Amino acid sequence: MDELIRLLSYFVGIAAFLGFNLAYLGWVERKGAGHIQRRNGPKEVGPYGLIQPLADGLKLMSKQLIVPAAADKPLYMAAPILAMVPAVLLFVAIPFGEGIVPRQFDFGLLMIFAFAAFAGLAVLMAGWGSGNKYSLIAGTRVVSQNIAFEIPMLITAITVVMITGTMDLSEIVRHQAGGFWHWNIFPRFDSSLLMPVSFLIFYICSMAETNRAPFDLGEAESELVAGYLTEYGGMGFGIFMMAEYANIVIGCSLTTILFLGGWQCPFGILPGPHWFFIKMYFLIWCFVWMRWTFPRVTLWGLLNLSWKYLIPFSLVNLLLTALFIKVF
Amino acid sequence: MNPSLFSPEGLAEVIFLILIGTTILGASIATLSKRLIRSVIGLAICFLGVGGLYYFLNSPFVAMMQLLIYVGAVCITMTFAIMLAEPDDEKASRKYKSVSTWAAAPLGGLIAYGLSRLAIQGQWLAPAEKINSGSVKDLGMSLLNEYSMVFELISIVLLVSIIGSLALARVGRRKQ
Amino acid sequence: MLTISAHLNTYLIIGAILFGFGIFGLLHRPSLIGMLISVELILSGASVNFMAFNHFLAPDPTVGQIFTLFIMGIAAAEAAIALSIVIAVYRNYQSIDADDLTDLKG
């Protein structure tokens, strides 16, 4: 019976956390974008524009869902759902605090990567199902970007797994206990000397995986309008946006857990979920900061970055990490 | 012996039945639908169901690799190839008649029935003592100790297939 | 009905059904990519069989898992090469119907 209560409270908690984040990350982004560009962000609706996301949600919900005539209806309707479901499902595996994890998986890291692979299929379904040539081309670009950046992400995650010896996310965080010099991002002699490189590669790849920051060809620039999201209006678009923010939260949580010590305090005194949230929101703020600072890359620059630079770097990093672990 | 429906074992069985349904639904969409892109999505659904079955067979690692490799890579590659090779699927009216459904379905059903009967009537040896527990750690140990040769061979196979498929796909580009 | 996940026969029947679907698809679908999809179904049926025997009857439960991982690897390599061949065929014949590729006939 108390197992049931525990599950229900996690369910409610994650739903509340997710709902709050998905709405208010949009607010953070728009305010941040505004102030970086030397203007105010939304300020009309409520104090400091805090009710803006609710107004946006109401607007999206009240729009008519127009399905284009040439669209493949089952694919068109199923794509937003397929984009949203894995992103929400992965919160089951993320440890927010000591023992505060909905379900303990021995292979939590692998599960996150496996379910993130569904996103590519959802984008292809959206691109094809819209019945629009430009959506199709944008969709294939996004998927080739996703596949290209998934590889260095997996390889650098393997370096962390090699150091810790387990794929269990709670165990990886517990390994980094006791002061911030134990975090996986800092080079040490009993882990590898190249961990900052791993962190950098992982962070760039997670930015590219979530179609964010300078790597957002698929939705902002591509061809004419909004890439694979062109034919989606109202709540279909809303669900895709929410799925993107959920992916950003998961990507930043994963980076926090793997490299920055999860719920561990920098000085070893008061570990708890508050540190997790501080670190995660700091990384999300860096995402927002980089989006409005860097210009967008071209497709060939993007794919060159992955195949010609990041993959060789991450492979060499893997070999050198293995060497360090064996020698020291 | 039969667990009640709302106990954890009962709910697990219900999920197992849903997974079997998903697998068979995916396989039927993959083989019966007229448009190729829908059959690739059906294949992805089938792989999802099979991944769930692997989870019930006590190997979550293989289940996650199934999702990562098949759904995340193979289905996406097939979708790319469909987009490059058959963009208009209104050519569903073929010039030549394929083997009709009514001739091929009994053959497939007969093979499935024959295999099931063979499997059910087989005298399988009694389960022996398990020498390790089949966890991920044991998997890694046996992969690198007893089966290291196969591991190296499959990496060579994958390397050769990458080089081969790049060489095949490049041929048209030099003419442009 | 509620304890079928603990019997070996369930998984063997599922493997056989997937195999049957694969054979049906291989005969029924005229295009090359359709045939590749059916071949993937056949490989999945065989993998389910391997994993079922691995769980219920094998003394070393890692062998079946390793074999299944290798089947996945080989299937992925085969899909990559087959799709390259399909693209090359499409460039030359402008069709991927198996009945259109008749250069070596007669």
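Letters go in sequence order (proteins before strands), and every chain restarts at 1. All values reported here derive from a predicted model rather than from experimental measurement.
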Exercise. Around atom OH of A:Tyr10, are there more than 12 heavy atoms of other residues, nucleotides or ligands at under 6.0 Å?
Worked result: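 Check passes, neighbour count above 12.
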For this session: May I ask you to name which of A:Pro74, A:Ala114, A:Ala78 has the most heavy-atom pairs under 4.5 Å with chain B?
Result: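 Greatest number of close heavy-atom pairs with chain B: A:Ala114.
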Problem set entry | Heavy-atom pair count under 4.5 Å with chain B, highest-scoring of A:Thr140, A:Thr166, A:Asn146 |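 Among A:Thr140, A:Thr166, A:Asn146, the one with the most close pairs to chain B is A:Thr140.
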Problem set entry | Pairs where residues 149-174 of chain A contributes a residue and the test salt bridge (charged side-chain N to carboxylate O under 4.0 Å, His left out) is met, not counting sequence neighbours |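 Passing the test, one end in residues 149-174 of chain A: A:Glu98-A:Arg174, A:Glu171-A:Arg174.
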Between [X] and [Y], which heavy-atom pair has the shortest distance, and what is it?
X: A:Ala117; Y: B:Gly72; value: CB-CA, 3.6 Å
X: A:Leu124; Y: B:Ile76; value: CD1-CG2, 4.0 Å
X: B:Phe80; Y: A:Ser144; value: CZ-N, 4.1 Å

Problem set entry | Side chain / backbone / both / neither for A:Leu136 at chain B, heavy atoms under 4.5 Å |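 A:Leu136 touches chain B through side-chain heavy atoms alone.
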Problem set entry | Portion of A:Leu75 that has a non-hydrogen atom of chain B nearer than 4.5 angstrom |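 When you check distances to chain B, only side chain atoms of A:Leu75 fall under 4.5 Å.
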Problem set entry | Any side-chain heavy-atom pair of A:Leu121 and B:Cys75 under 4.5 Å |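 Yes, side chains in contact.
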Problem set entry | A:Phe113 side chain near B:Met64 side chain, heavy-atom distance below 4.5 Å |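 SC-SC contact between A:Phe113 and B:Met64 ruled out.
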Exercise. Relative to chain A, which segment of B:Leu48 carries a heavy atom at a distance below 4.5 Å: side chain, backbone, both, or neither?
Worked result: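 Side chain only.
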Exercise. Where does B:Ile41 contact chain A at under 4.5 Å (heavy atoms): side chain, backbone, both or neither?
Worked result: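 For B:Ile41, side-chain heavy atoms alone lie under 4.5 Å from chain A.
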Euclidean distance, [Y] [atom2] relative to [X] [atom1], rounded to 0.5 Å:
X: B:Arg38; Y: A:Met125; atom1: CZ; atom2: CE; result: 10.5 Å
X: A:Trp128; Y: B:Thr79; atom1: CH2; atom2: OG1; result: 9.0 Å
X: A:Phe107; Y: B:Ser135; atom1: CZ; atom2: OG; result: 12.0 Å

